[in-house]
Amino acid sequence: MITLPAIRWGEPYESLEVDEIKHFLTGEPVARVNTVGSGIVARDAKKSRRARQALQSMTPAQLIDAYKRAGELFESGTLAVGDSQQSATDFAEQTSATTGMPVAMCKANVVKNAFVLKNIDKILDCLTRGLDLNILARGYGDEGRGVTVSYQAQTDVLGAVLPSNSPGVHTLWLPVVAMQIGLALKPGSQEPWTPYRVAAAMREAGIPVEAISIYPGAGGDIGGSILSNYRRAMIFGGPQTIQQYAGNERVQVHGPGYSKILLGDDEADNWREYLDLMVESVYRNGGRSCINASSIYTPRHGKEIAAALAERLGPIEALPPDDPKAGLAAFTTPGAAAAIWGAIERDLADSRTTHATADYGPRLVEQETCAYLRPTVWHCQSTECPGANKEYMFPAVGVVDCPQERMLAEIGPTLVCTAITKNEQFRSDLMAATHIDRLNLGPIPTPQVDWLQPHEGNLVEFLYRNRALQVR
């Protein structure tokens, strides 16, 4: 068993309060985690300027070189994490043990996170639209057009309240340190592994340890303190979290994606050509990501599409986490899976809704220490059906009948929209739709992310303000 201390600006901290994280199947302790309270977070926040100053002691080029080394170490190195030496295999197995995700899925997410670290120069080049990073570091400079440009950091440290659903979400905060901004992280209660391993890789690569704090502890207590003590913060949560922080420029909220596939009038009859894409969009990463498709809108053939998806997804079984073929993550919180299935059953009781996977065995699989939800597909005859626009943390999708001319008015806020159409007017309308974030024009799976483009807002624009500055 590994012991994880809190990290206070690079310094390990042992507290009086220690939580145990247990293996979701065996119940055996996997880690002892030193937890802290909001008072420590608030006290440390007063020293946040030191984190940025430590990073400013390195040039952007030096930070980028260190990031690339950190990416290699994160992906395949053996690192000092807590009181143990953690190999890449240890990391994947520990992450699986506490989150319920299959080991193979955890290893795939390691590759995603390592890609961001190893390609940070390209990512920042795209996010800054080619800005010389020395201008960002200095605060102003000439881009070569004879005009002075200036960028002002809006915070010394980004606070982040992290989730436990998928290690892949950490790609969103990974670039921060490369922009000479520190990090104050509240790790997910079941997934502290990625923040600790990233911090260890950065330390080994030569990035100042004073730049990062990690505060395990009660979500509301620590999360609230992080959000109130930093001028820029990031939080992950559900619809209530989004509503709570709507319009708060200090907080970047990442919630449900309600990602969708839209079939245009011109391609609806060719739906069979896109069945593999639909399956991948729903099933990849165990359906746990906000970029997984949760709805498919089509003007025709909805019932047939739902049946074909059910034939592909319905037979998938819950397999042990160490099985290479395992594609479903366990629900480790007692009662969570049963509650979700109860909500789905209420939606399926609607007379205009058909449960397409009903003939492929029970969807809820309860085990002694956890539960699984097997892939579920339903068909909605109308956008007014209660299941027409729902999202869950497993492969679940509603196929919704909807005329093309009504789609943009009916789909609601959408993180990723894959629109399969060649109709130029419809494409133009899609590009103008402000409730769509990432837009894929053509047959691109919704989970296929281009890390060289912004995801849920441009991180550079969140952390830096473009302002006027004159020098004589």
Side-chain angles (χ1 to χ4, degrees), residues 48-71 113-160 170-183 198 202 205-208 210-212 230-234 248-252 254 428 431-432 434 436-441 449-472:
S48 61
R49 178 65 184 144
R50 298 178 188 176
R52 179 156 162 78
Q53 288 173 333
L55 292 171
Q56 287 175 318
S57 70
M58 297 180 70
T59 66
Q62 289 171 332
L63 279 170
I64 285 171
D65 286 344
Y67 251 71
K68 292 183 177 183
R69 291 194 297 273
N113 290 322
F115 176 88
V116 172
L117 293 168
K118 291 190 291 186
N119 292 274
I120 192 64
D121 52 343
K122 298 175 185 175
I123 290 172
L124 290 181
D125 185 61
C126 292
L127 292 180
T128 63
R129 299 175 180 87
L131 180 71
D132 182 348
L133 294 180
N134 291 301
I135 294 177
L136 202 65
R138 185 185 182 192
Y140 71 95
D142 189 335
E143 286 185 296
R145 298 179 291 115
V147 177
T148 298
V149 294
S150 177
Y151 294 86
Q152 183 184 56
Q154 297 302 286
T155 185
D156 294 320
V157 168
L158 173 75
H170 300 298
T171 53
L172 294 172
W173 57 264
L174 284 178
V176 170
V177 169
M179 292 184 280
Q180 298 178 318
I181 302 288
L183 284 167
V198 168
M202 287 186 173
I207 293 173
E210 306 96 313
I212 300 176
Y230 291 102
R231 295 195 301 272
R232 288 292 183 268
M234 179 184 292
N248 188 335
E249 66 174 14
R250 293 162 52 111
V251 182
Q252 190 179 82
H254 301 274
S428 179
M431 285 188 284
T434 56
I436 294 174
D437 194 337
R438 301 187 72 103
L439 177 61
N440 297 327
L441 294 174
V449 173
D450 180 356
W451 295 114
L452 303 183
Q453 294 199 39
H455 179 68
E456 290 193 79
N458 187 316
L459 188 62
V460 175
E461 294 173 356
F462 182 56
L463 296 176
Y464 281 86
R465 179 171 68 98
N466 187 356
R467 64 173 180 173
L469 185 145
Q470 299 180 83
V471 180
R472 178 174 295 176

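Position 1 is the first residue of the sequence, and the numbers go up from there.
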Are a donor atom and an acceptor atom from the side chains of Arg231 and Gln154 found within less than 3.5 Å of each other?
no
Non-hydrogen atoms of Val176 and Tyr67 that approach each other most closely
N-OH, 3.9 Å
Please name the pair of heavy atoms, one in Leu124 and one in Leu133, separated by the smallest distance, quoted to 0.1 Å.
CD1-CD1, 4.0 Å
Polar side-chain atom of Arg250 near backbone of Ala233 as donor-acceptor pair, under 3.5 Å
no
For Pro208 against Ala54, the heavy-atom pair lying closest together
CG-O, 3.5 Å
Distance only, no hydrogens: is a donor on one side chain within 3.5 Å (strictly under) of an acceptor on the other, for Tyr140 and Arg138?
yes
Under 3.5 Å: donor-acceptor pair, side chain of Asp125, backbone of Asp121
no
Which heavy atom of Met58 sits nearest to which heavy atom of Gly206, and what is that distance?
SD-O, 3.9 Å
Do the side chain of Glu249 and the main chain of Phe462 share a donor and acceptor less than 3.5 angstrom apart?
no
Hey, does the side chain of Thr155 reach the backbone of Leu158 with a donor-acceptor pair shorter than 3.5 angstrom?
no
Pairing of Asp450 and Arg438 as salt bridge, 4.0 angstrom limit:
no
Can you check whether Ala205's main-chain N or O pairs, donor with acceptor, with Arg69's side chain at less than 3.5 Å?
yes
Counting C-beta onward and ignoring hydrogens, is there a side-chain heavy-atom pair between Ile120 and Pro175 closer than 4.5 Å?
yes
Test side-chain contact (heavy atoms from CB on, under 4.5 Å) applied to Thr59 and Leu63, step by step
CA-CA 6 Å; Thr59 66; Leu63 279 170; over 6 Å; no
Could you check whether any side-chain N or O of Arg52 sits under 3.5 Å from a backbone N or O of Gln180, counting only pairs where one atom can act as donor and the other as acceptor?
yes
Can you tell if the side chain of Leu55 reaches within under 4.5 Å of the side chain of Ile207, non-hydrogen atoms only?
yes
Does Leu463 reach the side chain of Met179, with side-chain heavy atoms less than 4.5 Å apart?
yes
Test your reading of the model: is there a side-chain donor-acceptor pair from Arg467 to the backbone of Ser150, 3.5 Å cut-off?
no
Where do His254 and Gln252 land on the side-chain contact (heavy atoms from CB on, under 4.5 Å) test, with the steps shown first?
CA-CA 7 Å; His254 301 274; Gln252 190 179 82; 2.9 Å; yes
Search all heavy atoms of Ala137 against all heavy atoms of Pro60 and return the closest pair with its distance.
CB-CG, 3.8 Å
Going by heavy atoms in the side chains, are Met234 and Val251 under 4.5 Å from each other?
no
Are the side chains of His170 and Val198 in touch, meaning some heavy atoms are under 4.5 Å apart?
no
With a 4.5 Å cut-off on side-chain heavy atoms, are Val157 and Arg232 touching?
no
Pairwise distance CG(Leu459) to CG(Leu127) - rounded to 0.5 angstrom:
7.0 Å
Flag the pair Glu461 and Arg129 as a salt bridge only when some basic side-chain nitrogen lies within less than 4.0 angstrom of an acidic carboxylate oxygen.
yes
Considering non-hydrogen atoms only, spot the tightest contact between Met431 and Leu439 and give its length.
CG-CD2, 3.7 Å
Spell out, as yes or no, whether a donor-acceptor pair under 3.5 Å connects the side chain of Asp142 to the backbone of Arg145.
yes
Does any non-hydrogen side-chain atom of Asp132 lie less than 4.5 Å from one of Glu143?
no
A quick test of your reading: do over 12 heavy atoms of other residues, nucleotides or ligands sit less than 6.0 Å from CZ of Arg50?
no
Pick from Leu131, Ile181, Thr128: which one makes a side chain to side chain contact (heavy atoms under 4.5 Å, CB included) with Tyr464?
Ile181
Using 0.5 Å steps for rounding, measure from the CG atom of Leu183 to the OG atom of Ser48.
12.0 Å
Taking C-beta and beyond as the side chain, do Tyr151 and Arg465 meet within less than 4.5 Å on heavy atoms?
no
